[in-house]
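Data block below; observations after.
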Amino acid sequence: METESEPYVRLATLRQLHQVMADMNTARSLADTLQTVADGVVNGLGYELACVNLVRPDGDLVVAAFAGNPAAEALITGRVGSRDSWERRLTMGEHWGDLVFIPHTEGWILDDDDVPQWYTDGPAPRFEDEWHPSDRLFAPMYTPASPGGSCGELIGVLSVDRPRNGRRPGAWGREALQMYAFQAAIAISNARLRANMQRALVRLEREQQALRASEESFRQAFEYAPSGMAIAEMGGDQHGRILRTNDALCRLLGRPASAMRRYSFSDLVHPEDIGTLLRTSAEGGRAELRLGRRDGTYVWVSLRNSVVADAADGPRFLLTHVEDIEDRKRREQQLAHRASHDSLTGLPNSAELRTRLSSRLCTRPAHPGALESLDAAFGHPAYDANGHGFDFRPGGVEVYDGFDHHVHTAAPDSERDDGTKGLAVLFCDLDGFKSINDRFGHNAGDAVLIEVARRLSRAVRDGDTVARLGGDEFVILADGLGRADAQDLAVRLRNEIIQPIRAEGRAVRVGASFGIGWAHCGMTADEVLKSADERMYVEKRSRPKQHRRAG
């Protein structure tokens with residue numbers, strides 16, 4: 001720099017200062033900017049040594065750049081001074097505007113603090129403004145202040161030493177250093193911002209790459225999954241509407257992807273499974289139900305839902321996994337059928353018979369005076385004092401429990417046909433069956449049982465139950481019959497049974513004895529069956545032996 005006594009500064013010096021400021025603001029990275037700041041002090045402001053101390057995130061200051069002396073640069077670059085020590089330095093000495101000057105006469109106090117520094121020595125000043133090697137001059141750098149506010153946050157400190165003219169800077173030199181520190185702070189802030197933006201862009205690009213890779217992985221997992229996959233809308237009027245399906249689901253249901261987008265799962269589910277679908281929770285729900293194929297058949301599937309968010313606060317979708325469980329369900333149904341049905345005739349077995357019968361009974365009998373108090377003119381249920389209601393139905397009078405909503409089963413009068421219809425239990429025992437087993441073998445006996453089962457099943461109504469109780473005993477449950485209806489049914493079934501049966505290449509005949517019992521609440525299933533069994537034996541003994549079977 002030129003001496004301060006001159007009334008003007010040469011244009012070349014201003015151009016040099018302008019150039020270092022331009023270089024400082026065009027550096028490509030934060031490290032380059034910091035080094036350019038240090039070099040600018042040496043090249044443009046006329047100092048032999050310059051050091052940039054940068055504030056770290058923890059508040060301490062690190063020597064980030066050095067210019068003018070390679071030996072000193074190697075000694076202190078990268079070293080750290082505590083924030084407390086720097087605060088002490090910036091509050092003592094002489095304040096030249098924003099600059100802090102600590103003369104050599106006071107600097108000895110700082111010799112033992114932890115701020116990195118270089119040590120030089122020399123003779124005492126010969127005149128008042130001569131620079132001493134132990135003088136210290138600091139230019140704090142602050143972030144730009146907000147409009148109308150004070151200076152911003154401290155981001156670093158410029159340390160300068162050895163003015164080339166050997167004098168302490170005058171008014172113009174101080175102003176130039178202060179302006180340079182201000183511009184350096186802006187350049188460092190901008191460089192940091194650019195560095196943060198570059199890191200953010202790199203991080204964003206990596207996240208986008210990861211997202212693209214994740215989306216591609218999801219797409220491949222979705223498209224090529226061996227089981228069915230679908231994405232459906234969640235919430236709103238279109239909840240459950242299918243947006244996308246994979247090939248496996250389209251093949252399972254025999255429907256093209258374009259057609260699948262016209263449906264929701266409620267459109268495809270079996271009518272009997274609608275309740276199951278509605279009970280399935282959207283978030284993590286699972287259900288086993290039947291979905292309709294294009295050919296009108298249904299397939300058992302396991303359906304699992306999970307929620308997928310399109311963005312942080314964006315719409316949510318249902319990702320539905322559909323697994324074909326038709327084979328497992330068929331095996332389960334076969335096992336259940338075997339457990340509840342007779343292996344020879346295919347009829348419900350004794351356990352299934354008792355289950356069906358028990359489901360119609362409860363331990364609380366109908367009110368004994370209820371039937372007598374009915375008035376058909378009501379045309380709607382009437383109720384007795386105990387809360388039982390009565391209703392006229394095609395199947396007869398049924399008694400409703402007002403507390404548990406059970407439909408009580410009523411029985412016709414035991415002595416007369418009063419028009420009451422109930423659940424008839426017909427106990428059937430074959431006559432002459434043992435002789436067929438003895439004469440022709442068990443294969444012939446099995447053939448007779450199979451044919452009898454077929455004839456009984458063919459002769460009853462849909463909804464009636466024909467079960468094999470064991471051996472040559474069968475039971476028929478027929479609901480909605482009066483006493484005369486039950487007797488007519490027994491005669492019709494007996495006439496079916498006594499027709500000749502082909503067994504082992506020959507025609508054989510068996511007879512049948514029927515006992516009619518009536519199921520009503522207050523009885524157990526075993527009591528109902530015992531009652532019908534006893535009536536069967538009464539009927540069997542009442543007929544001459546020669547009339548029990550026709551050959």
Side-chain angles (χ1 to χ4, degrees), residues 340-342 347-372 374 381 384 388-402 404-429 453 456-470 473-494 496 512-539:
S340 61
H341 287 70
D342 175 50
L347 296 177
N349 59 18
S350 175
E352 177 66 13
L353 171 67
R354 285 174 167 80
T355 298
R356 295 187 185 185
L357 184 54
S358 297
S359 67
R360 291 295 309 274
L361 305 173
C362 71
T363 57
R364 186 190 312 168
H367 189 264
L371 297 177
E372 297 177 2
L374 284 175
D384 68 7
H388 297 120
F390 307 92
D391 191 15
F392 291 94
R393 296 198 174 191
V397 178
E398 292 182 322
V399 186
Y400 295 81
D401 189 315
D404 60 11
H405 306 289
H406 172 74
V407 180
H408 282 287
T409 299
D413 186 270
S414 59
E415 301 298 332
R416 57 188 175 85
D417 191 349
D418 58 358
T420 301
K421 297 183 183 296
L423 177 59
V425 181
L426 283 69
F427 198 108
C428 171
D429 181 79
L456 291 175
S457 300
R458 183 182 60 190
V460 299
R461 303 166 302 176
D462 292 340
D464 291 346
T465 295
V466 178
R468 183 186 177 196
L469 193 60
E473 295 177 335
F474 297 84
V475 173
I476 297 90
L477 305 182
D479 202 2
L481 298 185
R483 184 166 298 279
D485 299 328
Q487 291 171 350
D488 289 343
L489 176 60
V491 172
R492 190 165 65 253
L493 295 177
R494 181 184 293 113
E496 287 286 338
S513 298
F514 283 86
I516 303 174
W518 297 93
H520 59 81
C521 290
M523 299 178 68
T524 66
D526 286 336
E527 288 172 343
V528 174
L529 293 174
K530 181 179 179 182
S531 172
D533 185 25
E534 291 174 349
R535 294 176 184 273
M536 183 275 296
Y537 276 107
V538 170
E539 196 270 345

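Values reported hereafter were calculated over all heavy atoms of this structure, with side chains retained and with hydrogens, waters and symmetry mates removed.
Across all non-hydrogen atoms, the minimal contact from Met523 to Leu361 is O-CD1, 3.5 Å. Annotation for Ala486 and Ala424: closest pair CB-CB, 4.1 Å, computed over non-hydrogen atoms. The two residues Ala478 and Leu481 have their closest heavy-atom pair at CB-CD1, 3.4 Å.
By the salt bridge (Lys or Arg N to Asp or Glu O under 4.0 Å) test, Glu473 pairs with no residue at all, sequence neighbours left out. Legend: residues meeting side chain to side chain contact (heavy atoms under 4.5 Å, CB included) with Ser340, ordered by chain and number and at least two apart, are Glu352. When the salt bridge (Lys or Arg N to Asp or Glu O under 4.0 Å) test is applied to Asp464, the partners found at least two apart in sequence or on another chain are Arg461. By the side chain to side chain contact (heavy atoms under 4.5 Å, CB included) test, Val538 is found to be paired with Arg541, residues two or more places apart in sequence or in another chain being considered. The side chain to side chain donor-acceptor pair (under 3.5 Å) search around Asp342 returns Thr345, Arg468, not counting sequence neighbours. Under the side chain to side chain contact (heavy atoms under 4.5 Å, CB included) criterion, Ala459 pairs with Leu493, Glu496, sequence neighbours left out. Partners of Ala490 under the side chain to side chain contact (heavy atoms under 4.5 Å, CB included) rule, at least two apart in sequence or in another chain, are Leu426, Phe514, Ile516. Residues meeting the salt bridge (Lys or Arg N to Asp or Glu O under 4.0 Å) test with Arg494, sequence neighbours left out: Glu539.
No side-chain donor-acceptor contact under 3.5 Å links Ser358 to the backbone of Thr355.
Interatomic distance, CG of Leu353 versus CG of Leu477, reported as 5.0 Å (0.5 Å rounding).
Of the charged side-chain nitrogens involved, at least one lies within less than 4.0 Å of a carboxylate oxygen, so that Arg360 and Asp479 count as a salt-bridged pair.
In this structure the side chain of Leu469 never reaches within 4.5 angstrom of the side chain of Phe474, judged on heavy atoms. When side chains are defined from C-beta on, Arg483 counts as touching Trp518, because their heavy atoms get closer than 4.5 Å. Two residues are said to be in side-chain contact when any heavy atoms from C-beta on lie closer than 4.5 Å; Leu357 and Leu423 meet this criterion. Between Val475 and Thr465, the closest side-chain pair of non-hydrogen atoms is not below 4.5 Å. Arg356 is listed as a side-chain neighbour of Pro348, based on a closest heavy-atom distance under 4.5 Å.
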Can you list, pair by pair, the side-chain donor-acceptor contacts under 3.5 Å of residues 525-532, counting residues two or more places apart and other chains?
from	atom 1	to	atom 2	distance (Å)
Asp526	OD1	Arg354	NE	2.7
Asp526	OD1	Arg354	NH2	3.3
Glu527	OE1	Thr524	N	2.9

